[in-house]
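Treat the numbers as computed from the prediction; the structure is a model and nothing was measured.
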Amino acid sequence: MRFTLRQLEYFIAAGEAGSITLASERIHISQPSISTAISHLEQELNVQLFIRHHAQGLSLTPAGRDLLREAKALVSQAQNLYLKASEATDQVRGSLSLGCMVTLAPMLVPELTHSFTSAFPATSIRHMEGNHEELFDGLRRSEIDIAICYDLQIPEDVSFTPLAQLPPHVLMGEADPLARQPSIALADIAKKPMILLDLPISREYFLALFLNEGLEPTIAARSTHQEVVRTMVANGYGYSILNVTPRSDLALDGRKLVRVRLSGNHRPMTIGTAVLKSLRQSKLVSAFDTHCQSYVSNSYIPGMVAPSFAARRV
């Protein structure tokens, strides 16, 4: 063969993403490298794999769709060689595809994956970020092996292992008069402007906090990006309710944020790992799952203030 498995992996990434730019972001490989791999495959196989749409990405040709299916099978078989070898030699090795909830990834993934690959040098981790729906779909399509997410609307075909709880708190700019309070009730803020983290399933969780107390928030703005929400709050546009507790109390523009305890009995979000129930887990996936369980707890969460410490702090 005059093509490589890596070139096939780049082709698969572009075929699934429908865009070289998006594929580059997902697999953290430069766009020229992906383009070169696709061009080489087309020349070597003497077939057109994609139709290029100016400023609108790519679409697979009929031949490209057939070859994408075969390429995925071939890459999967090659990865199974590593898995079989590791099981035979009792070693943990191979490449793991990790999905992580987009709000958790900046804090959890770097430390968690580095500690795992340090403990198991024959492994590598490729990660992607997404909302809950995207992560569950990724598990079903075998695009990811294991996901880190919240215990929100877990589908029947997914097995969830809890790791740590994150209670909701009120996030405010330091100039807000309520930011000096030791705690805040939902009734105190329901009529104030709220900046909603507008992600699928997560948004329903935040809105349900109010609904359960017969209240309705005054939503002034929405964003699917957590750092946009935090920066808007820091600039005085309103408050937000979040569960993640970054170690930094600064928004990206340097303005200070204040976390205030939300009074009352509210359901926390629970961080955990998710895998497909129907899929037998490899030694690599099982080892990473065990690593997560030993590394993440209510007393320590990578990149975050642990809930117990955060509660004492406010």
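By the 6.0 Å contact criterion, CZ on Arg6 is open, its count of non-hydrogen atoms from other residues, nucleotides or ligands being 12 or less. Arg140 CZ: more than 12 foreign heavy atoms inside a 6.0 Å radius. No more than 12 heavy atoms of other residues, nucleotides or ligands lie within 6.0 Å of OH in Tyr237, so this atom counts as exposed by the packing criterion. At most 12 heavy atoms of other shown residues, nucleotides or ligands fall within 6.0 angstrom of atom NZ in Lys256.
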Which atom pairs, donor and acceptor, lie under 3.5 Å between side-chain atoms of residues 173-196 and protein residues at least two apart or in another chain?
| residue | atom | partner | partner atom | Å |
| --- | --- | --- | --- | --- |
| Asp176 | OD1 | Leu178 | N | 2.9 |
| Asp188 | OD2 | Ala185 | N | 3.2 |

Listed pairs under 3.5 Å, donor-acceptor, residues 7-14 side chains, sequence neighbours left out:
| residue | atom | partner | partner atom | Å |
| --- | --- | --- | --- | --- |
| Gln7 | OE1 | Thr4 | N | 3.0 |

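With hydrophobic clusters built from ILVMFWY side chains whose heavy atoms lie under 4.5 angstrom apart, Leu199 does not share a cluster with Leu211. One hydrophobic cluster, built from ILVMFWY side chains closer than 4.5 Å, cannot hold both Leu22 and Ile27; they sit in different ones. Cluster membership check: Ile38 does not share its hydrophobic cluster with Ile51, using side-chain heavy-atom separations under 4.5 Å among Ile, Leu, Val, Met, Phe, Trp and Tyr. Residue Met304 is not grouped with residue Leu250 when hydrophobic side chains (ILVMFWY) are merged at heavy-atom distances under 4.5 angstrom, including chains of intermediate members.
When side chains are defined from C-beta on, Asp157 counts as touching Leu276, because their heavy atoms get closer than 4.5 Å. You'll find the side chain of Val233 reaches within 4.5 Å of the side chain of Leu257, heavy atoms only. A 4.5 Å side-chain heavy-atom check between Leu60 and Phe50 finds at least one atom pair inside the cut-off. The shortest side-chain heavy-atom distance between Arg230 and Leu252 does not fall under the 4.5 Å cut-off. When side chains are defined from C-beta on, Phe288 counts as touching Leu112, because their heavy atoms get closer than 4.5 Å. Proximity of Ser202 to Met101: side-chain heavy atoms (C-beta onward) are separated by under 4.5 Å at one or more points. Residues Arg52 and Ile20 have side chains not in contact (no heavy-atom distance under 4.5 Å, counting atoms from C-beta outward). Taking 4.5 Å as the limit, every side-chain heavy atom of Val229 sits out of range of all side-chain heavy atoms of Leu171.
Distance CD1/Ile271 to CG/Leu166: 4.0 Å, rounded to 0.5 Å. Here the straight-line distance linking atom CD of Gln48 with atom CG of Leu67 works out to 12.0 Å at 0.5 Å rounding. Atom CD1 in Ile125 sits 11.0 Å away from atom SG in Cys100 (nearest 0.5 Å). Distance CG/Leu163 to CG/Asp289: 7.5 Å, rounded to 0.5 Å. Here Leu58 contributes atom CG and Leu49 contributes atom CG; the two are 10.0 Å apart, rounded to the nearest 0.5 Å. A distance of 6.5 Å separates CD of Glu143 from CE of Met128, quoted to the nearest 0.5 Å.
Contacts classified as salt bridge (Lys or Arg N to Asp or Glu O under 4.0 Å) and involving residues 194-219 (residues at least two apart or in different chains) are given here: Asp198-Arg203, Asp198-Arg222.
Annotation for Ser124 and Thr117: closest pair CA-CG2, 4.4 Å, computed over non-hydrogen atoms. The minimum heavy-atom distance between Thr270 and Pro162, with the atom names listed, is CG2-CB, 3.6 Å.
Using a 30° and 60° split on the angle between ring planes, Phe116 and Phe120 fall in the tilted class, from 30° to 60°.
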Quick one: do Asp253 and Thr231 satisfy side-chain hydrogen bond (donor to acceptor under 3.5 Å, both in side chains)? Show the steps, please.
CA-CA 7 Å; Asp253 65 353; Thr231 304; 4.9 Å; no
Between Val275 and Thr273, does a side-chain contact (heavy atoms from CB on, under 4.5 Å) hold up when you go through it step by step?
CA-CA 7 Å; Val275 295; Thr273 56; 5.8 Å; no
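Residues Asn243 and Tyr150 have side chains that never bring a donor and an acceptor to within less than 3.5 angstrom of each other.
Glu44 places no side-chain N or O within 3.5 Å of a backbone atom of Glu42 that could act as its donor or acceptor partner.
Of the listed residues (Lys72, Arg141, Arg26), just one forms a salt bridge (Lys or Arg N to Asp or Glu O under 4.0 Å) with Glu16, and that residue is Lys72.
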